[in-house]
Amino acid sequence: MPARSVPDAPLPHGRPRRRRAVVAALAAASLAGPMTGPAHAGGEAGGNGGGPHGPIDRALQRGLQALVDTPGGPPGAIAVLTTGGSSEVYRAGTSQLGTGRPPRTTDHMRIASTAKAFSGSVALQLAERGALGLDDTIGRRLPELPAAWHRVTLRQLLNHTSGLPDYTEAPTFIAELTADPRWHFDSRRLLEYVAGDPLRFRPGSAYRYSNSDNIAVALMAEAATGQRYERLLAELVYRPLGLRDTSLPQGYRLPGPYLHGYAVDRPGAPEDVSTALGASGVWASGGIVSTPRDLEAFMRGYAGGLGLGPAVRREQLYFVAGSSEPAGPGRNRAGLAVFSYATRCGTVYGHTGNFPGYTQLAAGTKDGKRSLTVSLTSQVNSATNPRLLATLRELQEDFVCRLLDRRKPVGVR
């Protein structure tokens, strides 16, 4: 049986049919993950950036502005680099068309699949405390799920080598989302959409990015602790890191102020889709709302280990061949709910994400002292705009070089 759901409020007035079509198309593009080959071991004062945080790199600022000015580019973008107590803020375009208001580090936004790093943080901290094991199986923790899935381990869920079918590709899920993008799904029953499907490969034998994986991670955390996932996030992630503007909503509304996200479909004008989709259908896989300020604070903690002991930390940073979605800068490899991005200037660790109206990169250094976020107010991936994604990845790599203080000229590869 599909997950039970109830209708949310109707879509706002103004081109509802076009909005529904736009959202359905973009959601289908964003929620389906790529397949790759086998796994192998292995401050805010006005202006465009700067302000009280100190000087910025003008070439990087021009690069971000050029991205926004590109035909089909996002209406707004903001990048934040933090080293120790010093930050650089780069921004271009606007947080909302028609206002001229620049993006700010305290603006709320959908962080999309970057939320998978949050579920990874919960799971790894529970593993550190002995409440959950990386070798714990679905059969042990979630015996009500299909027997064919029972041998899948928490480790395989976290690095997308589980073989679980992706519920966001299920025809029934897509049909319900298309009919009403604000449909209120029962987040804890999303895996029922693919309960009749077999594993796509033998667990551990290949890599395939799947939104089902992190739904299962959250459910395993709940089963191990008897606490709701939202409470675990608050206790294990938000509170220790001082994240005051981060939440996991069920509905479609965003707390203010927020970055307005747009569907950019030339030659038509950009359409505001910030609140066109509800978050219940992505939940632990991509439903978190945060701010650039909170997101970079989280990533410094997560990339830096966030109190993990050496054994669990080694597991977190054991990488297999696999790319985040969308691909991040440089060469991508998959760890436990974290990706390594090996660039010409060095390696950072983090996660990307995309959702109708938003594209994200959050990364940090292994010592937890430096972090980077790059946030766009439109969805950019290999399906929606592959050329712009290639440009974005090059710019992200330039930002990584700045973060790591490598003095190679911007644009030199």
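Any value given below was found using the heavy atoms of this structure, including those in side chains, with hydrogens, waters and symmetry copies removed. Owing to the predicted nature of the structure, the values given are computational and were not obtained by experimental measurement. Just so you know, residue 1 is the first one in the sequence shown, and it goes up from there.
The closest donor-acceptor contact from the side chain of Asp166 to the backbone of Asn211 lies under 3.5 Å. A donor-acceptor pair is defined here as one N or O able to donate and one able to accept, closer than 3.5 Å; no such pair exists between the side chain of Tyr258 and the backbone of Arg110. Between the side chain of Asn381 and the backbone N or O of Thr384 there is at least one donor-acceptor pair closer than 3.5 Å. Distance alone, capped at 3.5 Å, is enough to place a donor-acceptor pair between the Thr94 side chain and the Arg101 backbone. Checking side-chain atoms of Gln125 against main-chain N and O of Leu236 turns up a donor-acceptor pair under 3.5 Å. Remark: side-chain polar atoms of Thr178 are paired, donor with acceptor, to backbone N or O of Ile174 under 3.5 angstrom. Counting only distance, with no hydrogens or angles, the side chain of Ser285 and the backbone of Asn214 share no donor-acceptor pair below 3.5 Å. With hydrogens and angles disregarded, no donor-acceptor distance shorter than 3.5 Å links the side chain of Ser378 to the backbone of Tyr262. With hydrogens and angles disregarded, a donor-acceptor distance shorter than 3.5 Å links the side chain of Ser212 to the backbone of Pro165. A donor-acceptor pair under 3.5 Å is absent between the side-chain atoms of His260 and the main chain of Thr377, judged by distance alone.
A donor atom on one side chain and an acceptor atom on the other are found under 3.5 Å apart for Gln316 and Arg313. Between the side chains of Gln156 and Ser162, no donor-acceptor pair is found at a separation under 3.5 Å. Using modelled atom types, one finds a donor on one side chain and an acceptor on the other under 3.5 Å when comparing Asp69 with Gln65. If you check the side chains of Tyr90 and Glu88, you find a donor sitting under 3.5 Å from an acceptor. Using a 3.5 Å distance cut-off with no hydrogens or angles, the side chains of Ser375 and Gln360 do pair a donor with an acceptor. Glu176 and Thr172 share no donor-acceptor pair across their side chains, judged by distance under 3.5 Å alone. Side-chain contact check for Thr246 and Asp294: at least one donor-acceptor pair (N or O, by modelled atom type) lies under 3.5 Å. For the residue pair Thr105/Arg293, the side-chain donor-acceptor check at 3.5 Å is not satisfied. In summary, the side chains of Tyr209 and Ser113 do present a donor paired with an acceptor at a separation below 3.5 Å, with no hydrogens or angles considered.
Shown here are the side-chain contact (heavy atoms from CB on, under 4.5 Å) partners of Thr83, two or more places apart in sequence or in another chain: Arg370, Leu403.
Taking the six-membered ring where the residue is Trp, the centroids of Tyr229 and Trp283 are separated by under 6.0 Å. When ring centroids are compared, Phe339 and Tyr349 stay outside the 6.0 Å threshold.
Comment: Glu397 does not engage Arg393 in a salt bridge, judged by the lack of any side-chain N to carboxylate O separation of less than 4.0 angstrom. A salt bridge is defined here as a Lys NZ or Arg NE, NH1 or NH2 lying under 4.0 Å from an Asp or Glu carboxylate O, and Glu222 with Arg228 fails to meet this definition. Under the 4.0 Å criterion applied to side-chain N and carboxylate O atoms, Arg91 and Asp107 are not assigned as salt-bridge partners.
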- Task: Check the pair Leu404 / Thr365 against side chain to side chain contact (heavy atoms under 4.5 Å, CB included), numbers first and verdict last.
- Result: CA-CA 8 Å; Leu404 300 180; Thr365 53; 3.6 Å; yes

- Task: Determine, step by step, whether Glu128 and Arg314 satisfy the salt bridge (Lys or Arg N to Asp or Glu O under 4.0 Å) criterion, reporting the C-alpha distance in whole Å, the side-chain angles of both residues, the deciding distance to 0.1 Å, and the verdict.
- Result: CA-CA 12 Å; Glu128 179 65 31; Arg314 280 195 300 271; over 6 Å; no

- Message: side chain to side chain contact (heavy atoms under 4.5 Å, CB included) for Leu154 and Ile138? Distances and angles first, verdict last.
- Response: CA-CA 7 Å; Leu154 177 63; Ile138 284 179; over 6 Å; no

